[in-house]
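Values reported hereafter were calculated over all heavy atoms of this structure, with side chains retained and with hydrogens, waters and symmetry mates removed. Model, not experiment: these values are computed from the prediction. The chain is numbered in sequence order, starting from 1.
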Amino acid sequence: MTLRIYDVPSEMVTDFWSAVEPMLSRAIDLHPHIDMPGMLQILIRQFAQLIVATLDGQIQAAAIMERVQYPGHTVGNILALAGNSGTAPHMHQLSSHCEQWAKDRGCDRIAFVGRPGLSKIARKRHGNTLTLVHAWRDLGGVS
């Protein structure tokens with residue numbers, strides 16, 4: 001039983017979508033700015049990368065990564081990271097793959113905004129974690 005991790009080419013995202021959408025939707029359930037149809041669009045348009053982890057040919061976990069260039073840093077953002085029940089032992093491998101993905105694309109940081117449980121991954125990798133408040137308001141028709 002070997003865990004295999006793949007970067008899914010954008011032209012193949014829709015082939016994998018029905019298998020990863022249920023687990024990833026739980027990961028972004030409370031996200032205030034994007035929903036699953038929007039996530040699919042950014043993957044198809046190559047603004048982000050779908051990564052899948054398989055065990056014996058079955059998808060067990062998935063992540064969505066994006067690369068963002070800021071004036072002082074290039075950041076590999078984990079937009080979503082999720083797995084089926086029982087995949088916790090494999091999440092370290094998936095998070096290591098995400099870290100390498102970011103390094104391969106010239107990122108000097110990796111980041112995520114997500115549920116508190118994900119902070120365990122950052123602590124294990126000697127990163128920094130903060131309790132976050134994500135607040136926003138609509139601007140009332142500004143386009």
Side-chain angles (χ1 to χ4, degrees), residues 2-55 58-143:
T2 303
L3 187 74
R4 297 184 186 272
I5 301 175
Y6 303 95
D7 295 346
V8 178
S10 61
E11 63 272 8
M12 294 180 67
V13 166
T14 56
D15 297 334
F16 287 82
W17 196 245
S18 64
V20 300
E21 192 271 339
M23 69 179 79
L24 290 173
S25 67
R26 292 189 308 269
I28 69 158
D29 189 37
L30 299 176
H31 197 291
H33 310 303
I34 194 161
D35 56 13
M36 290 309 292
M39 195 69 78
L40 177 59
Q41 288 304 309
I42 67 170
L43 288 166
I44 291 169
R45 293 179 181 164
Q46 300 178 359
F47 294 131
Q49 174 79 59
L50 175 63
I51 300 168
V52 297
T54 66
L55 195 59
Q58 299 297 314
I59 296 174
Q60 299 298 312
I64 298 176
M65 295 287 301
E66 71 174 346
R67 180 184 180 274
V68 179
Q69 181 68 54
Y70 294 102
H73 295 281
T74 305
V75 180
N77 282 322
I78 301 172
L79 295 175
L81 177 71
N84 293 329
S85 64
T87 59
H90 304 297
M91 292 310 253
H92 176 73
Q93 288 174 270
L94 182 55
S95 64
S96 292
H97 182 90
C98 291
E99 187 174 310
Q100 189 60 51
W101 183 95
K103 288 177 183 177
D104 291 346
R105 285 153 183 82
C107 298
D108 60 277
R109 287 196 172 162
I110 189 165
F112 68 87
V113 175
R115 61 181 178 76
L118 291 176
S119 65
K120 293 176 192 172
I121 293 169
R123 281 195 301 272
K124 286 180 183 174
R125 307 293 286 171
H126 308 291
N128 298 314
T129 61
L130 300 170
T131 301
L132 299 174
V133 173
H134 192 131
W136 73 96
R137 68 181 176 90
D138 291 328
L139 296 177
V142 175
S143 302

Nearest 0.5 Å, what's the OH-NE2 distance between Y6 and H97? 11.0 Å
Could you tell me which non-hydrogen atom of G83 sits nearest to which non-hydrogen atom of M91, and how far apart they are? N-CE, 4.0 Å
So which atom in L24 and which in A62 form the shortest heavy-atom distance, rounded to 0.1 Å? CD2-O, 3.7 Å
M65 vs I110, side-chain contact (heavy atoms from CB on, under 4.5 Å): CA-CA, chis, key distance, verdict: CA-CA 10 Å; M65 295 287 301; I110 189 165; 4.1 Å; yes
To the nearest 0.5 Å, tell me how far I64 CD1 sits from L50 CG. 6.0 Å
side-chain hydrogen bond (donor to acceptor under 3.5 Å, both in side chains) contacts touching residues 63-83 (sequence neighbours left out): E66-N77, Q69-T74, H73-D108, H73-R109
Quick one: does any side-chain atom of Q49 pair with a main-chain N or O of V8 as donor and acceptor, under 3.5 Å? yes
Supply the atom-to-atom distance I51 CD1 to I78 CD1, rounded to the nearest 0.5 angstrom. 8.5 Å
Provide the closest heavy-atom pair for C107 versus G76 in the form atom of the first, atom of the second, distance. SG-N, 3.4 Å
To the nearest 0.5 Å, atom CE of M36 lies from atom CG of D29 at 10.5 Å
A side-chain contact here means heavy atoms from C-beta on lying under 4.5 Å apart; do N84 and Q58 qualify? no
Determine whether more than 12 heavy atoms belonging to other residues, nucleotides or ligands lie under 6.0 Å from atom CZ of R26. yes
I need the L81 CG to S95 OG distance, nearest 0.5 Å. 7.0 Å
Can you tell me how far CZ of F16 sits from OG1 of T54, rounded to the nearest 0.5 angstrom? 8.5 Å
Give the C-alpha distance, both sets of side-chain angles, the deciding distance and a yes or no for side-chain contact (heavy atoms from CB on, under 4.5 Å) between L79 and I34. CA-CA 10 Å; L79 295 175; I34 194 161; over 6 Å; no
